[in-house]
Asks: 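So that we are looking at the same thing, I have put the structure below in structure tokens.
Any value given below was found using the heavy atoms of this structure, including those in side chains, with hydrogens, waters and symmetry copies removed.
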Amino acid sequence: MPPMRHQIPQKPKDFGRTIRRIVTYLFRQKWLMLTAILLVLVSSGATIFGTYMLRPLINRGIVPLIGTEPTLADLRPLILMIGLVAAVYLCGALANFAYNRIMVTISNHILKAVRMDLFGRLQELPIHYFDVHTHGELMSRFTNDVDTLRNAINTGFVQFISSSVSVAGTFVMMLVLSPLLTLLVMAMVAVILLILSQIGKRSRRQFRLRQAALGRVNGFMEEHVVGQKVVKVFRHERATKAEFDALNEELREVATAANAYGMMMMPLVGNLSYINYAVVASAGATLCIFGQLDIGTVGAFLQYSRSFFQPITQVSQEFNTILSALAGAERIFEVIDTEPERDEGTVTLVHTTTGADGQLQECAHRTGRWAWKQPQPDGSARYVPVRGHVVLDKVDFAYEPDHPVLRQVSLYAKPGQKIAFVGSTGAGKTTITNLLNRFYEVPAGKIFYDGIDITAIRKDDLRRSLAMVLQDTHLFTGTVRENIRYGRLDATDEEIVEAAKLANAHPFIEHLPHGYDTLLTDDGANLSQGQRQLLSIARAAVANPPVLILDEATSSVDTRTEALIEQGMDSLMAGRTTFVIAHRLSTVRNANAILVLEHGEIIERGDHDDLIRQKGRYYQLYTGQFELD
């Protein structure tokens, strides 16, 4: 298999494009978004109008009463204006509550869509992608990156809309009240924006580095929690802690740098806004003294100046969240935008029956007879019976350039034959089976399946015609019945039991607490390795494919269990082309052909008796003169 690599963080990508991608998700809920925007306009408009009401409230309701002893009738205009202002602010508060609630709904819809797109793309990516990305690193996209995106949508996006409307409305009202004081405010805004842009340039890279470092830490933890037994067996606790400490220190450094830039935003903007408030108050007071402005206008303008800087302060407060979300979203979109596994095949696998004219006919129900459906230029279809005839013709392959794994490999498997691959680790045995499944594409040479180039066969149909039993079994959270049914989702309960009997798994399943309804968790941790392997074989049996691939299928079981499995496998392999990879040579003695591979080349071929007579590498392996590593 190709080596695992840690991804090195690249320079920041186009943040503008990332924001546009997020907006496209937002507007998938366009009616809710339009409602939210309308409520934002109401909320912000209420704040702006309520602030403007300070001018008449001061000039008409308060100033005339200064130095007098007002009666209740004199206070009536002031009371009415206070009530009006309170009603306006109450409407704004209700609108603010409503659009925040709507944004919670929108954000959950968006995150659902993002997770679906991300998970869907992972299902479409080639196996090679998972060879070079750790499981923990990919899981980090679903956890840390999606969580940061959630925070940004729930707070940052709402704040951005509200702030944009507030700033625009407040700016207009300031111009109406006093263009001169507005000029002073804008001068300070220019200074703040210049400072923020300089800090932003430096912080974006740090936040992206932080998300990447967090992904590596998660990947390391995931690998070593799963492999904790291996760590303890080889006494690598200290080395593992040291390696984690290095990754953790890297995360601390980049997180500190990222947060340092983010945390300085709010106090910086807040203090500059106070300076601006003092300057505007002084200038407004001077204009009042010289009769250029009235007290109500100055009071309203001062409130507007505070309102003008408040959104900037709030955005700077959310700067950490926004940058983390953009960095996380960028990492998510990198996966979503990754080129999916290509499939240009047109040949499909169909059920067939024999018509009255003796020709194969396609049918919808399962008949046990398969055929390849080849579209013809005239629009008709040609049906080729699936027999399991496999040919490799001068196949070359390398996971990495200049490191060939297979060299000019040619072999054939006639229908119903059992072909065994023997050789040292890294000789290329598993690679051949990976190529049969088209987990990787063949760069040179050809593979034919029943005379059809496998690149012409649609991948789903190709893989449906093959069943694999791997050395490393994987069971999903669910019942025993559901795990066996994973081989064929439309299998009946009776077919599941028959498959279990064929794999000799039925006896131990019956002794489980709830039989076939026993719940398996944590990859079947409550079963022995041999029992897990038996379930894996039952899963392949229920699929009932024309071709079987057994990759060290009995390597993890004891001799007695191996004998039980072989009994079931003999029945399962009857009439099917089977490829077997085995270290125990006793399991391949009855193979029709045994191929010995070394360094990606077939150095010997023949049945057991032929190879023993040749007294070559197979003879040495079988007699113990040479051991497989």
Side-chain angles (χ1 to χ4, degrees), residues 43-68 70 74-75 77-79 81-82 84-86 88-89 92 159-160 162-200 261-319:
S43 175
S44 299
T47 302
I48 294 169
F49 182 71
T51 301
Y52 183 78
M53 288 297 295
L54 291 176
R55 182 184 185 188
L57 189 148
I58 293 173
N59 289 338
R60 299 176 189 175
I62 297 177
V63 172
L65 300 178
I66 296 176
T68 67
D74 295 329
L75 292 174
L78 177 61
I79 294 172
M81 282 187 283
I82 290 175
L84 178 60
V85 171
V88 169
Y89 279 122
Q159 191 63 57
F160 174 78
S162 178
S163 298
S164 298
V165 174
S166 297
V167 167
T170 301
F171 177 71
V172 171
M173 296 307 297
M174 286 194 303
L175 279 176
V176 171
L177 293 176
S178 175
L180 181 59
L181 293 180
T182 302
L183 184 62
L184 287 176
V185 172
M186 297 312 297
M188 184 59 71
V189 169
V191 173
I192 291 175
L193 292 179
L194 179 62
I195 294 172
L196 290 181
S197 67
Q198 294 302 313
I199 295 175
Y261 282 114
M263 294 299 291
M264 72 173 63
M265 293 286 191
M266 183 184 174
L268 183 62
V269 174
N271 287 316
L272 289 175
S273 69
Y274 288 134
I275 295 173
N276 173 77
Y277 189 85
V279 171
V280 171
S282 301
T286 302
L287 292 175
C288 281
I289 292 172
F290 287 97
Q292 300 298 312
L293 291 177
D294 55 65
I295 295 176
T297 299
V298 173
F301 193 95
L302 285 173
Q303 186 60 33
Y304 275 130
S305 69
R306 291 293 297 156
S307 300
F308 191 77
F309 277 92
Q310 186 177 12
I312 300 176
T313 303
Q314 290 172 337
V315 170
S316 67
Q317 185 178 9
E318 299 294 335
F319 203 70

Asks: For the atom pair CZ (F49) and CG (L84), what is the distance rounded to the nearest 0.5 Å?
Replies: 5.5 Å

Asks: Tell me the closest heavy-atom pair linking A283 and L184, and the distance in Å.
Replies: CB-CD1, 3.7 Å

Asks: Measure the CG-OG1 distance between L181 and T297 for me, rounded to the nearest 0.5 Å.
Replies: 10.0 Å

Asks: Using the rule given for side-chain contact (heavy atoms from CB on, under 4.5 Å), can you reason through M173 versus F301, listing the C-alpha separation, both sets of side-chain angles and the distance that settles it, and then say yes or no?
Replies: CA-CA 8 Å; M173 296 307 297; F301 193 95; over 6 Å; no

Asks: Considering non-hydrogen atoms only, spot the tightest contact between G92 and A46 and give its length.
Replies: CA-CB, 3.6 Å

Asks: Using side-chain heavy atoms (C-beta onward) and a distance below 4.5 Å, is L293 in contact with S178?
Replies: yes

Asks: Inspect the surroundings of CD1 in I295 and state if more than 12 heavy atoms from other residues, nucleotides or ligands are less than 6.0 Å away.
Replies: no

Asks: Could you measure the distance from the CG atom of L177 to the CD atom of Q303? Nearest 0.5 Å is fine.
Replies: 12.0 Å

Asks: Run the side-chain contact (heavy atoms from CB on, under 4.5 Å) test on M188 and I275 for me, step by step, so that the C-alpha distance in whole Å, both residues' side-chain angles and the decisive distance to 0.1 Å come before the verdict.
Replies: CA-CA 9 Å; M188 184 59 71; I275 295 173; 4.0 Å; yes

Asks: Can you tell me how far the CE atom of M174 sits from the CD1 atom of I48, to the nearest 0.5 Å?
Replies: 10.5 Å

Asks: Quick one: closest heavy-atom pair of V298 and C288, and the distance?
Replies: CG2-SG, 3.2 Å

Asks: Compare every heavy atom of V88 with every heavy atom of G50, then report the nearest pair and how far apart it is.
Replies: N-CG1, 3.9 Å

Asks: Distance check, rounded to the nearest 0.5 Å: Y89 atom OH versus M53 atom CE?
Replies: 10.0 Å

Asks: Any chance you could measure T182, atom OG1, to F171, atom CZ, to the nearest 0.5 Å?
Replies: 6.5 Å

